[in-house]
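All remarks here apply to the structure that follows.
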Amino acid sequence: MSDVGAEVRGLLGKYGLRPKHGLGQNFLVGSRVFDQILAAIALLPEDWVVEVGAGLGTLTKRILTAVPDGRVVALERDAAMHQVLGTELAGYANLELWLGDAVEFDLAAVAARAGRPIIVAGNLPYQISSPMLRRLEEGWRFIRRAVFMLQREVAARLVAAAGSDDYGSLSVMLPLHYDVRLVTRVGRTAFIPSPKVESAVVLLEA
């Protein structure tokens, strides 16, 4: 069992929580993938980061540590997970918590406060992946980089070449403003509970 896996299981047990299928809660426990995500985010100490779906805070904590002169705005719509974040990460002065639907969150306002383009990262459940990617398309002027865990079929559309079976509107619009590349494919066993679909991590660099 990886260190991240032990951390996730420990937090779920500590707070008596079970993943909620209706909210697309599948917690990443693969340490290798964690390291690849953090490397792709490529944080500087002064960066401002918006994390979509912070969950138990395992990735949030690592981002907070990497940006001591910046800020992390952690978005979570599950009230129980929001409480866990508030308790477990109470010692970080550079953290802001936001309870609600990430699709409705004002990314531009965070960039205005930061005075610079921001970074967006997170594990996107299938039901919000398309609207969040549209938000990225609209916000390319104030988003420097985005790193998302997506359902593999959505990731395939993002990186698809013209003329391929996966080529579609996402393949056309986002590359107008971002350099889009696949970071890694992620198998079902990298999560608890294991989802029914494969996943992938993508990097969008403005």
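- Val49 and Leu38 fall within the same hydrophobic cluster, defined by Ile, Leu, Val, Met, Phe, Trp and Tyr side-chain heavy atoms under 4.5 Å apart, directly or through other members.
- Val50 has its side chain within reach of Phe105: a pair of non-hydrogen atoms, C-beta onward, lies under 4.5 Å apart.
- Taken to the nearest 0.5 Å, the CD atom of Glu76 stands 6.5 Å off from the CG atom of Leu85.
- With contacts defined as side-chain heavy-atom distances shorter than 4.5 Å, the pair Leu133/Leu158 qualifies.
- For the pair Asp35/Ile37, no side-chain contact is recorded, criterion being any heavy-atom separation below 4.5 Å from C-beta on.
- To the nearest 0.5 Å, atom CZ of residue Phe27 and atom CG of residue Leu11 are 9.5 Å apart.
- Note: Trp140 and His177 have parallel aromatic rings, judged against thresholds of 30 and 60 degrees for the angle between ring planes.
- Shown here for Leu136 and Ala146, the closest heavy-atom pair between the two residues is CD2-CB, 3.4 Å.
- Leu204 is not listed as a side-chain neighbour of Arg145, based on a closest heavy-atom distance of 4.5 Å or more.
- Note on Met173 and Val202: separate hydrophobic clusters, where clusters join Ile, Leu, Val, Met, Phe, Trp and Tyr whose side-chain heavy atoms are under 4.5 Å apart, directly or indirectly.
- Within the model, atoms CD1 of Ile192 and CG of Leu28 stand 10.0 Å from one another, a figure rounded to the nearest 0.5 Å.
- Of all non-hydrogen atoms in Ser31 and Val4, the two that sit nearest each other are OG-CG2, 3.6 Å.
- When every heavy atom of Phe191 is checked against every heavy atom of Asn26, the shortest pair comes out as CD2-O, 3.6 Å.
- Using a 4.5 Å cut-off on side-chain heavy atoms (C-beta onward), Arg181 and Glu205 make no contact.
- Hydrophobic clustering of Ile, Leu, Val, Met, Phe, Trp and Tyr side chains at less than 4.5 Å, counting indirect connections, keeps Met149 apart from Val197.
- Among all heavy-atom pairs drawn from Arg144 and Ala42, the shortest one is NH2-O, 4.5 Å.
- Following chains of ILVMFWY side-chain contacts shorter than 4.5 Å, one can reach Val103 starting from Val110, so the two form part of one hydrophobic cluster.
- Counting non-hydrogen atoms of neighbouring residues, nucleotides and ligands closer than 6.0 angstrom, the CZ atom of Arg185 reaches no more than 12 such neighbours.
- Considering only heavy atoms from C-beta on, Val186 stays 4.5 Å or farther from Glu198 through its side chain.
- With 3.5 Å as the limit, one finds a donor-acceptor pair spanning the side chains of Thr60 and Glu51.
- In summary, Glu88 and Lys61 do not engage in a salt bridge, as defined by a charged side-chain N under 4.0 Å from a carboxylate O.
- The backbone N or O of Ala109 sits nowhere less than 3.5 Å from a side-chain atom of Arg113 that would complete a donor-acceptor pair.
- If you take OG1 on Thr184 and CG on Leu182, they are separated by 7.0 Å, rounding to the nearest 0.5 Å.
- Contact between Val154 and Ser129 at its shortest, heavy atoms only, is CG2-OG, 4.1 Å.
- One hydrophobic cluster, built from ILVMFWY side chains closer than 4.5 Å, holds both Phe148 and Tyr126.
- Going from atom CG of Leu150 over to atom CZ of Arg157 covers 9.5 Å, rounded to the nearest 0.5 Å.
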Val72 vs Val67, test: side-chain contact (heavy atoms from CB on, under 4.5 Å). Steps then yes/no.
CA-CA 8 Å; Val72 177; Val67 294; 3.7 Å; yes
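- Once rounded to the nearest 0.5 Å, the distance linking CD of Gln83 with CG of Leu17 reads 9.0 Å.
- Closest non-hydrogen pair, Ala111 versus Ile118, comes out as CA-CG2, 3.6 Å.
- The side-chain heavy atoms of Val29 and Phe34, taken from C-beta on, include no pair separated by under 4.5 Å.
- Partner Ile63 forms a side-chain contact (heavy atoms from CB on, under 4.5 Å) with one of Asp47, Ile41, Asn94 and no other, that one being Ile41.
- Between the side chain of Gln151 and the backbone N or O of Ser199, no donor-acceptor pair lies under 3.5 Å.
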Assess whether side-chain contact (heavy atoms from CB on, under 4.5 Å) is satisfied between Met81 and Leu56, documenting all intermediate values.
CA-CA 6 Å; Met81 296 292 172; Leu56 295 166; 3.6 Å; yes
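- Tyr178 contributes no side-chain N or O that, together with a main-chain N or O of Glu137, makes up a donor-acceptor pair within less than 3.5 Å.
- Between the side chain of Arg77 and the main chain of Gly100, no donor-acceptor pair closer than 3.5 Å is present.
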